[in-house]
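Comments concern the structure below.
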2 protein chains.
Amino acid sequence: MSDLLERLRERGWRLTAQRRVVAEVLNGDHVHLTADEVHARAADRLPEISRATVYNTLGELVSLGEIIEVSTDGRAKRYDPNAHRPHHHLVCSRCGTIRDVHPGGNPLDDLPAGERFGFTVSDVEVTYRGVCPECAAA
Amino acid sequence: MSDLLERLRERGWRLTAQRRVVAEVLNGDHVHLTADEVHARAADRLPEISRATVYNTLGELVSLGEIIEVSTDGRAKRYDPNAHRPHHHLVCSRCGTIRDVHPGGNPLDDLPAGERFGFTVSDVEVTYRGVCPECAAA
DNA sequence: TCCTACAATGGACTTTGTCCAAGTCAATAT
DNA sequence: ATATTGACTTGGACAAAGTCCATTGTAGGA
């Protein structure tokens with residue numbers, strides 16, 4: 001976390017109060033907040049922060065490779081600070097909860113050359129869907 | 001295609017001119033149109049069709065399992081009539097072209113029980129990303 | 001042919017996100 | 001400690017994608 005701010009400063013990132021609170025909000029495992037949720041939590045600490053700044057900052061963090069943009073539902077994009085280790089997502093079809101998962105095997109290997117249509121394939125994104133224990137109990 | 005309309009009628013679907021053109025537009029392989037694109041093509045044949053009707057019809061076809069909703073870019077959702085055979089998507093990072101692919105293996109098997117967090121996992125969605133031959137040549 | 005329940009319409013509204021001109025401030029140099 | 005300056009922030013207007021609803025129209029059965 002302060003590692004993150006440290007890394008960013010070394011990259012010449014100008015450290016403002018707004019950027020600091022956004023970076024602080026995006027801390028932890030299984031964090032997948034929408035831009036509006038990030039804005040709400042940031043505003044708890046810094047009431048005058050604007051939506052535009054949150055969008056700008058999230059965009060920069062994505063460009064810098066410090067967070068990952070995820071869209072699991074075709075609605076608001078979510079931001080995942082777990083950019084260090086490659087992983088996939090497990091989404092509850094009922095409540096939308098998201099967990100990071102680390103499956104074995106590389107799905108890229110499952111795509112034979114004959115199914116690549118001449119593409120240079122560089123990445124794969126996997127979303128598992130199911131029902132979480134809480135929703136199953138209810 | 002007319003198979004589709006036949007199936008829908010058997011299910012009690014009331015067949016209107018609007019629904020017919022929407023179903024006709026969604027015909028073929030590697031078709032992945034946005035709602036607005038479907039509306040534009042439908043309007044070529046039936047100028048007075050409204051956007052709301054296109055959205056309604058697409059929603060119904062999704063519920064009926066006749067088409068699949070895909071969101072590969074966090075922007076407009078796309079609609080894929082290839083709902084019969086399970087498949088994944090190969091997306092060009094530059095131009096956005098989408099191809100259907102049928103990889104070997106079942107990615108569900110790659111998710112060990114220890115990574116399921118108690119979820120009942122029922123489905124998996126895979127998006128491969130890369131550069132298509134046309135964009136690579138340009 | 002008539003009825004009626006279901007479907008279509010279009011316009012208002014919501015959500016999510018982008019853009020911009022003007023004001024503000026973090027970091028450096030003095 | 002202060003001045004400077006270019007990068008950062010702000011708020012509001014704007015745009016894209018989609019939903020909602022009261023009204024009007026019509027498919028398919030009696």
Side-chain angles (χ1 to χ4, degrees), chain A residues 5-25 32-64 66-80 96, chain B residues 5-25 32-64 66-80 96:
Chain A
L5 294 178
E6 199 54 43
R7 279 200 303 278
L8 294 173
R9 184 156 28 216
E10 280 166 13
R11 295 216 218 174
W13 219 51
R14 190 153 134 191
L15 191 49
T16 66
Q18 291 83 349
R19 288 176 167 185
R20 196 187 330 260
V21 295
V22 169
E24 284 171 0
V25 165
H32 306 91
L33 300 171
T34 65
D36 263 4
E37 288 166 350
V38 172
H39 178 245
R41 298 197 187 190
D44 286 344
R45 294 162 156 266
L46 190 67
E48 68 276 22
I49 192 172
S50 74
R51 289 188 338 117
T53 295
V54 170
Y55 276 104
N56 288 342
T57 304
L58 290 172
E60 287 158 14
L61 289 171
V62 170
S63 296
L64 292 169
E66 295 290 350
I67 64 177
I68 290 172
E69 207 172 60
V70 178
S71 52
T72 49
D73 61 351
R75 302 187 56 82
K77 291 174 189 163
R78 294 181 173 273
Y79 294 89
D80 181 346
Chain B
L5 294 178
E6 201 53 43
R7 277 202 303 278
L8 294 173
R9 183 158 27 217
E10 279 167 15
R11 295 217 218 174
W13 219 50
R14 191 153 130 188
L15 191 49
T16 66
Q18 291 84 350
R19 289 177 167 185
R20 195 187 331 261
V21 294
V22 169
E24 283 169 1
V25 165
H32 305 90
L33 300 171
T34 64
D36 264 4
E37 288 166 350
V38 171
H39 178 245
R41 299 195 186 192
D44 286 345
R45 294 161 156 266
L46 191 67
E48 66 276 21
I49 192 172
S50 74
R51 290 188 337 115
T53 296
V54 171
Y55 277 104
N56 288 342
T57 304
L58 291 172
E60 285 158 16
L61 289 172
V62 170
S63 296
L64 292 168
E66 295 291 348
I67 64 177
I68 291 172
E69 206 172 60
V70 178
S71 52
T72 50
D73 62 350
R75 302 188 56 82
K77 291 173 190 165
R78 294 180 173 274
Y79 294 89
D80 181 346

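Letters A, B, ... mirror the listed sequences (proteins, then strands); counts begin at 1.
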Original post:
With nearest nucleotides of DNA chain C determined for R75(B) and Q18(B) from heavy-atom distances, which residue corresponds to the more 5′ nucleotide?
Top reply: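 On the 5' side of the pair lies Q18(B).
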**OP:** Please figure out whether R78(A) or W13(B) has its closest DNA chain C nucleotide nearer the 5' end.
**Re:**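 Whichever sits nearer the 5' end wins; that is W13(B).
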Nearest-angstrom distance from the residue atom [atom1] of [X] to [atom2] of [N]:
X: R19(B); N: dA27(D); atom1: CZ; atom2: C1'; answer: 10 Å
X: R20(B); N: dA8(C); atom1: CZ; atom2: C1'; answer: 15 Å
X: D73(A); N: dT19(D); atom1: CG; atom2: P; answer: 12 Å

Subject >> Minimum-distance nucleotide to K77(B) side chain [options: dA27(D), dG18(D), dA17(D)] >> reply: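 The nucleotide sitting nearest to the side chain is dG18(D).
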Original post:
Which residues in residues 37-60 of chain A have at least one heavy atom lying under 4.0 Å from any atom of DNA chain D?
Top reply: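 Hits under 4.0 Å, by residue number: E48(A), I49(A), S50(A), A52(A), T53(A).
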Subject >> Minimum-distance pair of heavy atoms, taken over all atoms of E37(A) and H32(A) >> reply: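 Taking every non-hydrogen atom into account, OE1-O, 4.2 Å.
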Subject >> salt bridge (charged side-chain N to carboxylate O under 4.0 Å, His left out) partners of residues 52-62 of chain B, not counting sequence neighbours, each pair once >> reply: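 Qualifying pairs, neighbours excluded: R19(B)-E60(B).
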Original post:
Can you tell me how far CD1 of I68(B) sits from CG of L61(B), rounded to the nearest 0.5 angstrom?
Top reply: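 If I round to the nearest 0.5 Å, the distance is 12.0 Å.
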**OP:** Working to the nearest 0.5 Å, report the span between CZ of R75(B) and OG1 of T34(B).
**Re:**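 Here the rounded value is 10.5 Å.
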Original post:
Using a cut-off of less than 4.0 Å, is there contact between a side-chain N or O of R14(B) and OP1 or OP2 of dT26(D)?
Top reply: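 For dT26(D), neither OP1 nor OP2 has a side-chain N or O of R14(B) closer than 4.0 Å.
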Original post:
Any side-chain N or O of T16(B) under 4.0 Å from OP1/OP2 of dA8(C)?
Top reply: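 True: T16(B) side-chain N/O within range (under 4.0 Å) of dA8(C) OP1/OP2.
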**OP:** Determine, for R9(B) against E6(B), whether the closest basic-nitrogen to carboxylate-oxygen distance falls under 4.0 angstrom.
**Re:**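 Salt bridge between R9(B) and E6(B), a charged N being under 4.0 Å from a carboxylate O: yes.
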**OP:** Return the set of residues passing side chain to side chain donor-acceptor pair (under 3.5 Å) with T53(B) (not counting sequence neighbours), or none when no residue passes.
**Re:**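 Partners of T53(B) by the side chain to side chain donor-acceptor pair (under 3.5 Å) criterion, ordered by chain and then number, come out as S50(B).
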